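Below: the structure, in structure tokens.
In what follows, every chain begins at residue 1, and chains take the letters A, B, ... in the order their sequences are listed. Computed from a predicted structure; not experimentally measured.
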Amino acid sequence: MRPDLIQNRIDKAERLREMGVNPYPYRFERTHQVSEVLANFDEEEAKEDSSSVAVAGRIVSLRLMGKAAFAHVQDASGKIQLYIKRDDVGTESYKAFKLLDLGDLLGVRGTRIRTRTGEASIAVTELEVLSKAIRPLPVVKEKEGEVFDAWKDTGARYRRRYLDLILNPDSREAFRKRSAVVRALRDYLDERDFVEVETPVLQAIYGGAMARPFETYHNALDMPFFMRIALELPLKRLLVGGFDRVYELGRVFRNEGVDRSHNPEFTMLEFYWAYADYHDAMDLVEDLCRTVVKTVTGGMTVEWDGKTIDFEPAFPRVRMVDLIAEKTGLDVLKDPEEKLRSKLGEAPDFATRGHLIEELFDQYVQGDLVQPTFVMDHPLAISPLAKVNRHEPELLVERFEIFIGGIEFGNAFSELNDPVDQRRRFEEQAAQRERGNDEAQVLDEDYLEAMEYGMPPAAGVGLGVDRLAMLVAGTHALRDVLLFPHMRPEEGRGAEDEVADTDTDTGH
RNA sequence: GCCCCGUUAGCUCAACUGGCAGAGCAACUGACUCUUAAUCAGUAGGUUCGGGGUUCGAUUCCCUGACGGGGCACCA
């Protein structure tokens, strides 16, 4: 950044102070949001007693013409044009106004008028500087909805999200939709008597999903801790404790790659529903998806990655093995494992038939599941927390994942509540770990003990909240619905890293 | 972690086969009391992402590093 551009503005702030104007005052009494001024504009303008309005916002356009000026200010609700005339605001105020720049925060009082060209505006009678920006905003021009020189520096938009939010209406809209999604999810579960809880992020033993964890250290206890990779196990302890409808909406952490649909920390919704099975859960998830889409978008379809996704028709419920058979001709439950292996490029040594089935699904089926689809009855080997399938108890479990647009949005089971079987499953996971599967689950003795006291039959569901937000916001990049997606530090801004290093060194 | 592409003024972008680094907007000075990508006149602004190499000469070619984007792998 050129220092003179900043110094100019610091000098202007100083000149304001010399005029007796505080460039950083304490408060401003607003009477309206911009959108409220624009609503029923003509009726309000026509009223004899139409009192003045007071709005505040950021100056996003500025046209100075000697003794009068036009500007647009933008607040959270929208933007509106101001007409500022020296004879209306007074010579002193007008002088102060001329020291303002694009990006400064301004409060005004005035009355509604339509300008000669018909734009709903405020004729300003009083103005108040609310904050002098000393760093220039990227300059974006706009005419009749068409944007010129749009600020689209990828990366900078994520690093300086506040600029993205100021400059790109689409971005503001995406985060509003995300907020609406979260609210809709809470409302839906609250209405059905689910109790929201909060469980620890730092855990001595991580579990509930297949993933690599972040590891950290507790100095006082002198022991390692893991950031949770799922919400599952604490919530199921609550089933034991008698919360028979319970949910948590919270952040989980997985030490894996970053791409369009993955971020190392993300938001999950998990809920557990005693005395229900995974068929009940499918009914509920289907209804939940429709409700969220309808609430947030007003319709039942979403345009996503060039495809129209329709939530109206019943979501197909198909067995994973049948989908694979359809695409590959393999009978994955009966064909020899060698035949399954040969259909895959390569598979790890520890892979059992169950892992091969999962891999075949990933390679041949998943990407084509564009419309909302429940994929049911996963292999037992990759589902250590799910009940065995009542029809195929040797190889499959009662589990489903919901796919939309070719990516997974949720995962659910008829929850395993037989403590003896659960112990066996954990032992099988430990054996897999021995054979090199470093995502196999870790035996959680404390969880087993809870289950031994009796856990009700239950359905459990996990949903990727960020992905839902992404879907209804119509973007196919997760970082468009993450306010501050993870990125490498910019060059020359890594000083904090060294401090962090010395801190953690004390523990190890 | 691997492969491909990108990085030039505050912003958006140019610059041919390697030959003085440019424009618009923003900034600065001045004019302008209904403009809206405001207009008009003038002024200033560059570590061409960092480091190294080839060359008389590098924004341009080569090597290397940083960051970003896309793809692959891993995963949800």
What is the separation between atom [atom1] on [X] and atom [atom2] on [N], rounded to the nearest whole Å?
X: A:D87; N: B:rC34; atom1: CG; atom2: C1'; value: 14 Å
X: A:R160; N: B:rG10; atom1: CZ; atom2: P; value: 13 Å
X: A:D153; N: B:rG69; atom1: CG; atom2: C1'; value: 11 Å
X: A:F97; N: B:rU35; atom1: CZ; atom2: C1'; value: 12 Å
X: A:N168; N: B:rC11; atom1: CG; atom2: P; value: 15 Å
X: A:L5; N: B:rU43; atom1: CG; atom2: P; value: 19 Å
X: A:N437; N: B:rC74; atom1: CG; atom2: P; value: 12 Å
X: A:I113; N: B:rC34; atom1: CD1; atom2: P; value: 11 Å

Mind checking [X] for me? I need base, sugar-phosphate or nothing, with any heavy atom below 4.0 Å counting as a touch.
X: A:D88; answer: nothing
X: A:M268; answer: nothing
X: A:T115; answer: base
X: A:R467; answer: base
X: A:R9; answer: nothing
X: A:L64; answer: base
X: A:G257; answer: base
X: A:A150; answer: sugar-phosphate
X: A:N255; answer: nothing
X: A:R159; answer: sugar-phosphate
X: A:E119; answer: base

A:F315 ring center near A:F403 ring center (under 6.0 Å)
no

Using a cut-off of strictly less than 4.0 Å, decide whether [X] has a side-chain nitrogen or oxygen near OP1 or OP2 of [N].
X: A:R114; N: B:rC34; value: no
X: A:R260; N: B:rA76; value: no
X: A:K141; N: B:rA26; value: yes
X: A:K12; N: B:rC28; value: yes
X: A:K67; N: B:rU33; value: yes
X: A:R63; N: B:rA38; value: yes

Measure from the side chain of [X], starting at C-beta and using heavy atoms only, and say which of [options] lies closest.
X: A:V139; options: B:rA27, B:rA26, B:rA76; value: B:rA26
X: A:R488; options: B:rA76, B:rC74, B:rG68; value: B:rG68
X: A:W151; options: B:rG69, B:rU12, B:rG71; value: B:rU12
X: A:F266; options: B:rC34, B:rA76, B:rA37; value: B:rA76
X: A:K152; options: B:rU12, B:rC28, B:rC34; value: B:rU12
X: A:Y158; options: B:rA76, B:rG69, B:rA27; value: B:rG69
X: A:E256; options: B:rA76, B:rC32, B:rC67; value: B:rA76
X: A:D149; options: B:rG24, B:rA76, B:rC34; value: B:rG24
X: A:R254; options: B:rA27, B:rC34, B:rA76; value: B:rA76
X: A:F70; options: B:rA27, B:rG10, B:rC34; value: B:rC34

Pairwise [atom1] distance for [N] and [M], with rounding to whole Å:
N: B:rG71; M: B:rA14; atom1: P; value: 23 Å
N: B:rG6; M: B:rG24; atom1: C1'; value: 23 Å
N: B:rC25; M: B:rU39; atom1: C1'; value: 14 Å
N: B:rA9; M: B:rA44; atom1: C1'; value: 11 Å
N: B:rU60; M: B:rA21; atom1: C1'; value: 12 Å
N: B:rC3; M: B:rC20; atom1: P; value: 36 Å
N: B:rU8; M: B:rU47; atom1: P; value: 12 Å
N: B:rG57; M: B:rC72; atom1: P; value: 44 Å

Looking at [X] and [Y], would you say the former's side chain and the latter's main chain have a donor-acceptor pair under 3.5 Å?
X: A:R109; Y: A:A54; answer: no
X: A:S414; Y: A:Y278; answer: yes
X: A:R353; Y: A:V332; answer: yes
X: A:R15; Y: A:L99; answer: no

Test item: [X] and [Y] side chains (from C-beta on) under 4.5 Å apart, heavy atoms:
X: A:D101; Y: A:K12; answer: yes
X: A:E119; Y: A:H72; answer: yes
X: A:L463; Y: A:L288; answer: yes

In a check of side-chain contact (heavy atoms from CB on, under 4.5 Å) between A:V108 and each of A:L82, A:V73, A:I80, which one passes?
A:L82

Salt bridge between A:E270 and A:K236, side-chain N to carboxylate O under 4.0 Å?
no

Kindly say whether, by distance alone, the side chain of A:Q81 makes a donor-acceptor pair under 3.5 Å with the base of B:rU35?
yes

Per-nucleotide pairing state of RNA chain B [Watson-Crick or G-U, under 3.5 Å; [ ] pseudoknot-crossing; | other strand]:
(((((((..((((.....[..)))).(((((.......))))).....(((((..]....))))))))))))....

Flag if over 12 foreign heavy atoms under 6.0 Å of CD, A:E303
yes

Would the number of heavy atoms belonging to other residues, nucleotides or ligands and lying under 6.0 Å from CZ of A:R488 be above 12?
no

Would you kindly compare A:V258 and A:H486 by the position of their nearest RNA chain B nucleotide and give the one closer to the 5′ end?
A:H486

